*Asks:* 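Have a look at this one before I ask anything.
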Amino acid sequence: MENLMEELLWRGLIQNQVPGLKNKLNQSTTIYSGLDPTSDSLHLGNLLPIIVLIHLQKKGHKSIILIGGATGYIGDPSGKKNKRILLDKEVLNKNAISIEKQIHHLLNFFSEKIEIVNNKNWMKNTNFVEFIHYVGIHFSINYMLSKESVKNRIENKKNGISFMEFSYSLIQGFDFFYLNKTRKCEIQIGGSDQWGNIITGIDLIKKKTGKKTYGFTFPLITKSNGIKFGKSEKGENIWINSNKTSPYKFYQFWINISDNEIEKYIKIYSFLNPKTIENLIQNHRKEPSKRILQKNLAYEMTRWIHGETKSKKIIEITSILFEKNHRIIHILNEKIFDTIYENIPHACLSKKEFNKGYFLTDFLKKIGFFSSKKKADFAIKNQSISINKKNVKKNFLIKKENIIGNKYILFQFGKKNFFIVKIF
RNA sequence: GGGGAGAUACUCAAGUUAGGUUAACGAGGACAGACUGUAAAUCUGUUGGCUUUGCCUUCGCAGGUUCGAAUCCUGCUCUCCCCA
């Protein structure tokens with residue numbers, strides 16, 4: 001446990017810390033982090049607290065994950081320039097249930113059991129007057145106004161802050177107090193935007209009980225282009241749920257991380273031990289074109305989230321899809337095509353429909369690979385379309401000969417966009 | 001309550017003062033091509049739709065004037081600023 005703090009620092013998982021944290025981490029204690037059920041799935045952003053809690057638990061601490069059924073109902077103003085869209089209780093409950101399932105799934109992988117609590121269970125019977133008296137008495141308005149999250153919104157006349165959001169940090173502060181009282185929880189962790197809320201909890205516990213508690217935050221991870229990490233180029237979140245982000249896409253996300261960022265991310269996201277990571281980094285630097293770090297991280301993450309079998313399959317089809325020799329594709333068996341079909345964007349078309357005869361541009365639009373014929377047309381002109389790995393030079397009528405494996409046609413746009421059509 | 005400014009494509013932002021080469025300058029982003037390693041950087045192209053030498057739809061919304069309107073007129077909605 002002595003090295004825990006150093007390891008967390010080495011991994012880049014500590015941005016800000018309460019003094020004395022290091023000593024506290026040297027003895028077994030209880031740590032919690034909360035996440036509000038604003039969606040029915042976790043994404044790479046809110047996976048981070050869970051990763052850190054697992055690290056801590058593995059080193060002998062007890063971790064608690066708090067699902068914010070109550071706080072989600074209020075909406076955390078931290079890190080938000082504008083008002084949040086409010087979710088009603090039913091949605092929050094549904095989200096909480098499916099997130100809890102996901103968390104169990106994530107923990108099973110490590111055979112770790114982490115307690116999951118929901119703050120609606122202790123907030124639902126709270127009386128407003130009692131709460132304000134019990135908690136509000138300890139916080140001056142001056143103190144609350146000085147919080148970064150509040151300050152920003154007060155200066156912003158257009159999107160002022162509601163009293164409800166203003167009170168958010170008191171509820172989160174109370175959560176920490178409650179967990180300290182009932183579960184001897186002494187450390188709260190969160191993303192860097194949670195610093196203010198964590199301090200509120202620490203202050204509340206101090207004032208109520210005189211006990212000293214701790215906290216730390218991890219950095220807000222942004223990519224070099226300024227986009228929040230964990231979002232795709234289009235700004236979509238990369239979700240844990242395979243219906244929202246396909247395992248193939250998930251794998252590709254990691255594979256595509258650039259060299260100058262991959263070292264940082266493998267430290268943050270993978271559970272490989274530091275020595276292994278250092279070795280991989282050395283090897284990667286020798287031959288960056290092998291993409292050792294990207295492949296390792298992509299594999300580690302995909303097998304954690306989507307399982308060993310699935311990730312092996314994805315690696316297999318990835319190597320086929322990105323194979324430079326276009327002849328390879330013609331000697332594959334049907335089973336592999338079936339696997340490809342299941343894992344990448346696809347469409348199916350009846351033989352009857354196919355036999356009507358389509359020009360490539362119309363076909364691409366029809367199957368949904370391109371949203372408009374013009375775009376498809378332009379792509380062909382640019383020679384960025386391939387059929388069955390073979391570059392298309394100009395628009396032509398799709399024929400039977402284009403079907404391979406007896407029932408599939410593989411389309412490719414650019415280097416990394418694939419689409420497969422099944423003719424049945 | 002009084003006065004002023006504005007609303008243009010994914011975003012920012014020209015054009016509006018004399019109405020017509022304006023699908024709408026430019027920048028960013030995004031996508032593609034070349035080079036590579038499914039990297040970065042760089043250079044090039046694209047960035048409303050279609051039955052593509054042409055047609056249709058688009059400059060806050062609804063009307064009007066005109067052969068013709070993002071540009072002029074009327075009404076409406078919304079946003080911002082200043083003074084009370």
Side-chain angles (χ1 to χ4, degrees), chain A residues 81-83 155-160 222-229 231-238 245-266 280-299 301-302 311 314-326 328-329 340 343-345 356-366 368-387 389-397 410-420:
Chain A
K81 281 187 195 129
N82 303 317
K83 281 175 202 157
E155 283 160 12
N156 182 348
K157 284 190 185 168
K158 195 172 169 184
N159 289 293
T222 48
K223 300 205 281 182
S224 49
N225 59 9
I227 295 179
K228 223 175 173 179
F229 181 78
K231 300 207 178 213
S232 71
E233 304 296 339
K234 285 169 197 150
E236 302 161 323
N237 279 318
I238 301 293
T245 301
S246 76
Y248 173 80
K249 199 173 168 192
F250 183 86
Y251 181 84
Q252 288 296 323
F253 171 79
W254 299 102
I255 281 289
N256 277 303
I257 294 174
S258 67
D259 284 353
N260 48 23
E261 294 175 305
I262 189 69
E263 291 184 15
K264 187 165 108 194
Y265 293 132
I266 197 163
L280 289 171
I281 289 176
Q282 289 315 316
N283 289 333
H284 181 266
R285 284 185 185 165
K286 273 182 221 155
E287 277 183 288
S289 65
K290 282 193 171 170
R291 310 170 71 81
I292 292 169
L293 289 174
Q294 283 91 340
K295 282 178 184 166
N296 270 281
L297 183 56
Y299 172 59
M301 292 307 291
T302 311
S311 52
I314 287 167
I315 291 170
E316 190 189 0
I317 67 166
T318 294
S319 71
I320 293 167
L321 292 175
F322 287 91
E323 168 65 49
K324 295 239 156 53
N325 183 349
H326 65 82
I328 298 283
I329 195 109
I340 294 174
N343 283 291
I344 67 171
K356 281 184 185 170
Y358 284 96
F359 272 98
L360 180 57
T361 41
D362 298 292
F363 200 78
L364 291 171
K365 166 90 194 292
K366 183 173 177 64
F369 192 19
F370 280 79
S371 63
S372 84
K373 213 177 131 177
K374 191 182 177 186
K375 283 176 184 158
D377 194 48
F378 178 69
I380 294 168
K381 278 203 185 98
N382 248 336
Q383 305 212 4
S384 36
I385 300 280
S386 295
I387 293 183
K389 297 295 292 177
K390 208 161 178 187
N391 193 254
V392 174
K393 301 270 185 262
K394 59 178 187 197
N395 203 4
F396 71 103
L397 193 69
L410 179 71
F411 293 95
Q412 181 176 1
F413 170 53
K415 216 176 254 183
K416 33 194 163 182
N417 305 296
F418 295 93
F419 196 100
I420 191 163

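For clarity, every value in this text was computed on a predicted model and none was experimentally measured. The sequence lines fix the lettering, A, B, ..., with proteins before strands; numbering per chain opens at 1.
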*Asks:* Just compare B/rU38, B/rA32, B/rA40 and give me whichever is closest to any side-chain atom of A/Ser258.
*Replies:* B/rA40
*Asks:* If we ignore hydrogens and angles and just use 3.5 Å, is the side chain of A/Asn417 paired with the main-chain N or O of A/Phe413 as donor and acceptor?
*Replies:* yes
*Asks:* Roughly how many Å is it from CZ in A/Phe370 to C1' in B/rG48, rounded to a whole number?
*Replies:* 17 Å
*Asks:* Using the P atom as the reference point in each nucleotide, state the distance between B/rC10 and B/rC59 in Å, no decimals.
*Replies:* 12 Å
*Asks:* Answer with base, sugar-phosphate or nothing: what part of the nucleic acid does A/Asp259 contact at a heavy-atom distance below 4.0 Å?
*Replies:* base
*Asks:* Provide, to the nearest angstrom, the distance between the CD1 atom belonging to A/Ile385 and the P atom belonging to B/rU46.
*Replies:* 17 Å
*Asks:* Hunt down the Watson-Crick or G-U wobble partner of B/rU71, both distances under 3.5 Å, from any strand shown, or write none.
*Replies:* none
*Asks:* Which class fits the ring pair A/Phe411 and A/Phe363: parallel under 30°, tilted 30 to 60°, perpendicular over 60°?
*Replies:* tilted
*Asks:* Please report the distance separating the C1' of B/rA69 from the corresponding atom of B/rG20, rounded so that it comes out in whole Å.
*Replies:* 9 Å
*Asks:* Does OP1 or OP2 of B/rG48 have a side-chain N or O of A/Ser372 closer than 4.0 Å?
*Replies:* no
*Asks:* Taking the P atom in each of B/rU16 and B/rC72, what is the distance between them to the nearest angstrom?
*Replies:* 9 Å
*Asks:* Please tell me if A/Lys416 has a side-chain N or O lying less than 4.0 Å from either OP1 or OP2 of B/rA39.
*Replies:* yes
*Asks:* What's the NZ-C1' distance between A/Lys249 and B/rU38, to the nearest Å?
*Replies:* 16 Å
*Asks:* Which nucleotide in the list B/rA32, B/rU51, B/rU38 gets nearest to the side chain of A/Lys373?
*Replies:* B/rU51
*Asks:* Name the orientation of the base relative to the sugar in B/rA18: syn if the glycosidic angle is within 90° of 0, else anti.
*Replies:* syn
*Asks:* Under 4.0 Å: is that the gap between some side-chain N or O of A/Ser384 and OP1 or OP2 of B/rG33?
*Replies:* no
*Asks:* When the nearest nucleotide of RNA chain B is assigned to A/Phe413 and to A/Lys375 on a heavy-atom basis, which residue is associated with the more 5' position?
*Replies:* A/Phe413
*Asks:* Please determine whether a side-chain nitrogen or oxygen atom of A/Asn256 lies at a distance below 4.0 Å from atom OP1 or OP2 of B/rG37.
*Replies:* no
*Asks:* Send over the distance from A/Arg285 CZ to B/rA40 C1', rounded to a whole Å.
*Replies:* 16 Å
*Asks:* In the strands shown, is B/rA30 matched to any nucleotide by a Watson-Crick or G-U wobble pair with both distances under 3.5 Å, and which?
*Replies:* B/rU46
*Asks:* Would you say the base of B/rU38 and the side-chain of A/Gln294 have a donor-acceptor pair closer than 3.5 Å?
*Replies:* no
*Asks:* For A/Lys365, report the nucleic acid contact type (base, sugar-phosphate, nothing); a contact means any heavy atom under 4.0 Å.
*Replies:* sugar-phosphate
*Asks:* Quantified in whole Å, what is the P atom distance between nucleotide B/rG45 and nucleotide B/rU38?
*Replies:* 26 Å
*Asks:* Can you tell me which nucleotide in B/rA32, B/rG37, B/rU38 comes closest to the side chain of A/Asn382?
*Replies:* B/rA32
*Asks:* For B/rU46, is there a stacking contact with A/Phe378, counting only centres under 5.5 Å and planes under 30°?
*Replies:* no
*Asks:* Roughly how far apart, to the nearest Å, are B/rA62 and B/rC78 at atom P?
*Replies:* 16 Å
*Asks:* Looking at B/rG1, which nucleotide sits across from it as a Watson-Crick or G-U wobble partner, both distances under 3.5 angstrom, or is there none?
*Replies:* B/rC83
*Asks:* Could you state the atom-to-atom distance from NZ of A/Lys374 to C1' of B/rC50 in whole Å?
*Replies:* 10 Å
*Asks:* Taking atom C1' in both B/rA30 and B/rC12, compute the distance separating them and give it to the nearest angstrom.
*Replies:* 15 Å
*Asks:* Applying a 3.5 Å limit to both distances, which nucleotide forms a Watson-Crick or G-U wobble pair with B/rG37?
*Replies:* none
*Asks:* What's the gap between B/rC50 and B/rU66 when it is taken at their C1' atoms, as a whole Å value?
*Replies:* 29 Å
*Asks:* OP1 or OP2 of B/rG37 sitting under 4.0 Å from any side-chain N/O of A/Lys324?
*Replies:* no
*Asks:* Compute whether any side-chain donor of one residue and acceptor of the other, for A/Asn395 and A/Thr361, lie under 3.5 angstrom apart.
*Replies:* yes
*Asks:* Between A/His284 and A/Lys290, is any pair of side-chain heavy atoms under 4.5 Å apart?
*Replies:* no
*Asks:* Does a donor on one side chain sit under 3.5 Å from an acceptor on the other, for A/Asn391 and A/Gln412?
*Replies:* no
*Asks:* I need the NE2-C1' distance between A/His284 and B/rA39, as an integer number of Å.
*Replies:* 8 Å
*Asks:* Pick the P atom in B/rA41 and in B/rU22, then give their distance to the nearest Å.
*Replies:* 34 Å
*Asks:* Please say which of A/Lys373, A/Lys374, A/Lys381 ends up in a salt bridge (charged side-chain N to carboxylate O under 4.0 Å, His left out) with A/Asp377.
*Replies:* A/Lys381
*Asks:* Using a 4.0 Å heavy-atom cut-off across all strands, classify A/Gln252 as base, sugar-phosphate, or nothing.
*Replies:* base
*Asks:* Counting Watson-Crick and G-U wobble pairs only, both distances under 3.5 Å, name the nucleotide matched with B/rC76, or none.
*Replies:* B/rG60
*Asks:* With a 4.5 Å cut-off on side-chain heavy atoms, are A/Gln252 and A/Ile314 touching?
*Replies:* no
